[in-house]
Amino acid sequence: QVQLVESGGGLVQAGGSLRLSCAASGRTLSSYAMGWFRQAPGKEREFVAAMSWSGSRTYYTDSVKGRFTISRDNAKNTVYLQMNSLKPEDTAVYYCAAKTIYYGGDSIYLNANEYDYWGQGTQVTVSS
């Protein structure tokens, strides 16, 4: 089992940047596909970005393409979400998630229901 802890959220002005971190304990993240999701007040949780277990494949929701970057450092057992050119509509609680990979293949996963483990979330607030 793996435990995930997000950090790096905060209050930033529109156009600014933040880097979210998702630190794992319990097991190495190299066996997991990873994802970032977010949930704004009154809205459902939505997909933001995903990375395959190898790190070779990534995918982003259209609204963050070109602004956000997902990355991982297996040596630090940490996944990151670099967020640039932030907009007020990016305001949400951001969650990282891990999906156990049992067999070969290098898929990415876009559906929250496909993930096995979740962090507690970190608040990102972008002021206009």
Side-chain angles (χ1 to χ4, degrees):
Q1 193 167 3
V2 64
Q3 292 79 42
L4 304 174
V5 178
E6 301 97 335
S7 62
L11 174 64
V12 64
Q13 288 188 335
S17 298
L18 285 173
R19 188 178 78 159
L20 305 184
S21 299
C22 174
S25 61
R27 295 193 66 179
T28 175
L29 280 181
S30 60
S31 300
Y32 296 86
M34 300 299 297
W36 284 95
F37 292 77
R38 65 187 179 187
Q39 187 166 17
K43 295 187 177 181
E44 294 186 353
R45 189 171 300 190
E46 66 170 353
F47 167 80
V48 176
M51 174 174 278
S52 62
W53 74 267
S54 72
S56 65
R57 298 184 64 193
T58 59
Y59 190 81
Y60 302 89
T61 192
D62 286 345
S63 63
V64 308
K65 284 180 181 177
R67 301 189 297 122
F68 290 13
T69 303
I70 186 173
S71 63
R72 66 196 302 163
D73 185 337
N74 287 339
K76 294 183 178 180
N77 225 26
T78 300
V79 174
Y80 303 97
L81 185 68
Q82 178 67 44
M83 306 186 297
N84 299 328
S85 302
L86 282 161
K87 304 175 181 179
E89 51 264 43
D90 295 319
T91 295
V93 177
Y94 283 71
Y95 301 88
C96 71
K99 175 178 173 58
T100 309
I101 303 300
Y102 295 102
Y103 302 106
D106 204 26
S107 298
I108 52 177
Y109 300 89
L110 311 186
N111 192 327
N113 293 334
E114 298 180 286
Y115 286 84
D116 303 307
Y117 304 103
W118 291 83
Q120 82 291 348
T122 185
Q123 175 71 46
V124 171
T125 303
V126 184
S127 63
S128 57

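Scope of the values below: all heavy atoms of this structure, side chains included, with no hydrogens, waters or symmetry mates. We number each residue from 1, following the sequence as shown.
Between Ile101 and Ala33, the shortest heavy-atom contact is CG1-N, 3.7 Å. Minimum interatomic distance between Thr78 and Ser21 (heavy atoms only, all atoms of both residues): CG2-CB, 4.1 Å. Pairing each heavy atom of Cys22 with each of Leu29, the nearest pair is O-CD1, 4.3 Å. Residues Val2 and Ala24 come closest through the heavy atom pair CG2-CB, 3.7 Å. Nearest heavy-atom pair, Pro88 versus Ala14, reported as atom, atom and distance to 0.1 Å: CD-CB, 4.1 Å. In plain terms, the two heavy atoms of Asn74 and Ser30 that are nearest each other are ND2-CB, 3.8 Å.
Note that Arg45 lies outside the cation-pi zone of Phe37, set by a 6.0 Å cut-off to the ring centre and a 45° limit from the axis.
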Worked verdict on Gln123 versus Leu11 for side-chain contact (heavy atoms from CB on, under 4.5 Å): CA-CA 8 Å; Gln123 175 71 46; Leu11 174 64; over 6 Å; no
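A salt bridge links Asp62 to Lys65: one of the charged nitrogens lies within less than 4.0 Å of a carboxylate oxygen.
A distance-only check finds a donor-acceptor pair linking the side chain of Tyr60 to the backbone of Ile70 [under 3.5 Å]. Formation of a donor-acceptor pair under 3.5 Å by the Arg72 side chain with backbone atoms of Trp53 is found in this model. A distance-only check finds no donor-acceptor pair linking the side chain of Gln39 to the backbone of Ala92 [under 3.5 Å]. Judged by distance alone, with hydrogens and angles left aside, the side-chain atoms of Tyr115 form a donor-acceptor pair with the main-chain N or O of Tyr109 at under 3.5 Å. Without hydrogens or angle criteria, Arg57 side chain to Ala50 main chain gives no donor-acceptor distance under 3.5 Å.
The shortest distance between side-chain heavy atoms of Thr100 and Tyr32 falls below 4.5 Å. Between Val79 and Trp36, some side-chain heavy-atom pair lies under the 4.5 Å cut-off. Proximity of Asn84 to Ser17: side-chain heavy atoms (C-beta onward) are separated by under 4.5 Å at one or more points. At least one side-chain heavy atom of Leu20 sits under 4.5 Å from a side-chain heavy atom of Met83.
Using bins of under 30°, 30° to 60° and over 60° for the plane-to-plane angle, the ring pair Tyr94/Phe68 lands in the tilted bin.
Under the 4.5 Å side-chain heavy-atom criterion for grouping Ile, Leu, Val, Met, Phe, Trp and Tyr, Phe47 is not connected to Val124 through any hydrophobic cluster. With hydrophobic clusters built from ILVMFWY side chains whose heavy atoms lie under 4.5 angstrom apart, Tyr117 shares a cluster with Leu81.
Around atom OH of Tyr59, no more than 12 heavy atoms belonging to other residues, nucleotides or ligands sit under 6.0 Å away.
Across Glu44, Glu6, Glu46, a single residue satisfies salt bridge (Lys or Arg N to Asp or Glu O under 4.0 Å) together with Arg38, and that is Glu46.
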